[in-house]
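Since the structure comes first, as structure tokens, the remarks are kept for the end.
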Protein chains: 2
Amino acid sequence: MDALSQQQLNQFREHAAAYVEFNEAEWIICIQHLALLKLKKKEHFVVPGQVCKTIGFVLSGSVRYYHLIDGKDITNYFSFENDYVSSYKSFLTGEPCISYIQALEPTTILTVSKKNWDAMLNNPMLAYKIERFGRLLAEYYLICYEDRVTSFITQTPEERYLKLLESGKDIIRRMPQHYIANFLGITPVSLSRIKRRILV
Amino acid sequence: MDALSQQQLNQFREHAAAYVEFNEAEWIICIQHLALLKLKKKEHFVVPGQVCKTIGFVLSGSVRYYHLIDGKDITNYFSFENDYVSSYKSFLTGEPCISYIQALEPTTILTVSKKNWDAMLNNPMLAYKIERFGRLLAEYYLICYEDRVTSFITQTPEERYLKLLESGKDIIRRMPQHYIANFLGITPVSLSRIKRRILV
DNA sequence: CCAATTTCTTATCTTAAGATAACGTTTTCA
DNA sequence: TGAAAACGTTATCTTAAGATAAGAAATTGG
């Protein structure tokens, strides 16, 4: 486990500032709870059966969430630089994960272990701001997932793909098509057909 | 806007205790920020275009979240007694809602307006516990939505229905089938066929 | 209590997605 | 750099979902 550079800490601090700003005293305590995780391409952040013991902030690189169902690899989600990464359910509840999270390229992640997360929540110097940070973070992802559920309920695969073309530039640009297909809830073959239908 | 009875306040307090317990001093301030909303059957908690200005706790009754897409009514979600109800995205961001939330029967809801919610977050007596309450609430629904997205990605409609039979007793028992169908991401006709397939 | 509405099923037809395999292209990495 | 793996498209066949309509059963509400 390497040490975090000043630049990496600043990158996180700047993005966290969207939720909560730490003063110097708080920040000094805070950074004692952070660690750096480097993943090589294809290394896993977590695998099914394990409890996800950390929550991470992607400093660089990208990860993919996926399931293996009857031997088939099904992509569920992506996180890029400046996104957070965790199997939230497992991290929050302590239940084992059901999905894989894998680095798609060399990836550096700032991590907080569950132990340190709880320590910060119990540290009077930090508790209030960490509660707030946690609330805003959970609310952000709640909204993401709410939107995604709505898209499954109200849109066709073709409509979901068209929407992704508009608002999912990172995913479209950086992810292979068969991952995107799963993310949209369809097979790669089906996405290929949709693309052709759209051209006509 | 009627007053909340002691019993209604206790009902909420007991359920909120799963997230945070208020002492008497805090509780006295807290209840000044709560209100009671009674909805008749088919009345709306919020409609598209409106900003959702309250978050609610269902004391009794039930509500349905739905969209009108090309004139078609598509059910997205349900809340029953002791669930929370809100168009979270709209409540949290101040953007207009995109869905309807409608009472399915006479329904009583304990509500907190956005103004009062923010007031509690800014009240030093309450801020910490409200932040915590908000975090745990958002985390709870985040996990619900995460599971639901995963079910769309990894399961067939038939598998989703079988799972709901196991773990969605309230929905199965109390909701008409065409609402359940939409909730599963399919049409009512399709759900009817699935039910027959399962019997054979 | 009865007419109106809602709900569910069934049937038919259409459309699109899943499964599988083949093939050419691109990428990977040893 | 060259063999292997990964990727995207296309074709075929199968399966299931969507659209629509009709009719029976259940529920509702005046």
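So you know, we letter chains A, B, ... as the sequences are listed, proteins then strands, and number each from 1.
For A:Q177 and D:dT9, the shortest distance from a side-chain N or O to OP1 or OP2 is below 4.0 Å. A:R196 has a side-chain polar atom (N or O) that falls below the 4.0 Å cut-off from OP1 or OP2 of D:dT10. Contact between the side-chain N/O atoms of B:K195 and the OP1/OP2 oxygens of C:dC8 is not found at any separation under 4.0 Å.
Take A:S62 and apply the side-chain contact (heavy atoms from CB on, under 4.5 Å) test, not counting sequence neighbours, and it matches A:F80, A:L104, A:E105, A:R174, A:M175. Applying the side-chain hydrogen bond (donor to acceptor under 3.5 Å, both in side chains) test to A:D118 and every residue at least two apart in sequence or in another chain returns A:K114. The side-chain contact (heavy atoms from CB on, under 4.5 Å) check on B:P176 picks up B:H178, B:Y179, with sequence neighbours excluded. Legend: residues meeting ring-ring contact (aromatic ring centres under 6.0 Å, His included) with A:Y19, ordered by chain and number and at least two apart, are A:F133. B:D73 is linked by a side-chain hydrogen bond (donor to acceptor under 3.5 Å, both in side chains) to B:R64, counting only residues two or more places apart in sequence or in another chain. By the side-chain hydrogen bond (donor to acceptor under 3.5 Å, both in side chains) test, B:D83 pairs with no residue at all, sequence neighbours left out. A:K163 is linked by a side-chain contact (heavy atoms from CB on, under 4.5 Å) to A:S151, A:Q155, A:S167, counting only residues two or more places apart in sequence or in another chain.
Note: CZ (B:R197) to P (C:dT9) measures 13 Å, nearest angstrom. Rounded to whole Å, atom P of D:dT10 lies 18 Å from atom NE2 of A:H178. Put simply, CG on A:D73 is 12 Å from C1' on D:dA6, counting in whole angstrom units. We find that CG of B:L191 is positioned 15 Å from P of D:dA16, with the value rounded to whole Å. If you take CD of B:Q155 and P of D:dA17, they are 14 Å apart, rounded to a whole angstrom. Rounding to whole angstrom units, CG of residue B:L104 and P of D:dT27 are separated by 16 Å. Regarding A:I186, its CD1 atom lies at a distance of 13 Å from the P atom of C:dA16, rounded to whole Å. Rounded to whole angstrom, the span from the CD1 atom of B:I180 across to the C1' atom of C:dC8 amounts to 12 Å.
The side-chain heavy atoms of A:R148 and A:F183, taken from C-beta on, include a pair separated by under 4.5 Å.
One end of the helix from C:dC1-D:dG30 to C:dA30-D:dT1 points its axis 60° away from the other end's axis, with each axis taken from 5 pairs and the angle rounded to 10°.
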Show which side-chain atoms of residues 136-143 of chain B pair as donor or acceptor with protein atoms under 3.5 Å away, not counting sequence neighbours.
residue: B:E139; atom: OE1; partner: B:R135; partner atom: NH1; Å: 3.4
residue: B:E139; atom: OE2; partner: B:R135; partner atom: NH1; Å: 3.1
residue: B:Y141; atom: OH; partner: B:Y84; partner atom: N; Å: 3.1

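Remark: nothing in residues 158-172 of chain A comes within less than 4.0 Å of DNA chain C through any heavy atom.
Atoms CG and CG, on A:L110 and A:L9 in that order, are 6.5 Å from each other to the nearest 0.5 Å.
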Nucleotides 19-30 of chain C: which of its N/O atoms have a protein N/O under 3.5 Å away?
none

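Distance from the side chain of A:S190 is smallest for C:dG18 among the nucleotides C:dG18, C:dT7, D:dT10. Nearest to the side-chain atoms of B:I194 among the listed nucleotides C:dA11, D:dG8, D:dA17 stands D:dA17.
Contacts classified as ring-ring contact (aromatic ring centres under 6.0 Å, His included) and involving residues 145-177 of chain A (residues at least two apart or in different chains) are given here: A:Y77-A:Y145, A:F152-B:F152.
Ionic pairing of B:E24 and B:R13 is present here: one or more N-O contacts between side-chain nitrogen and carboxylate oxygen are shorter than 4.0 angstrom.
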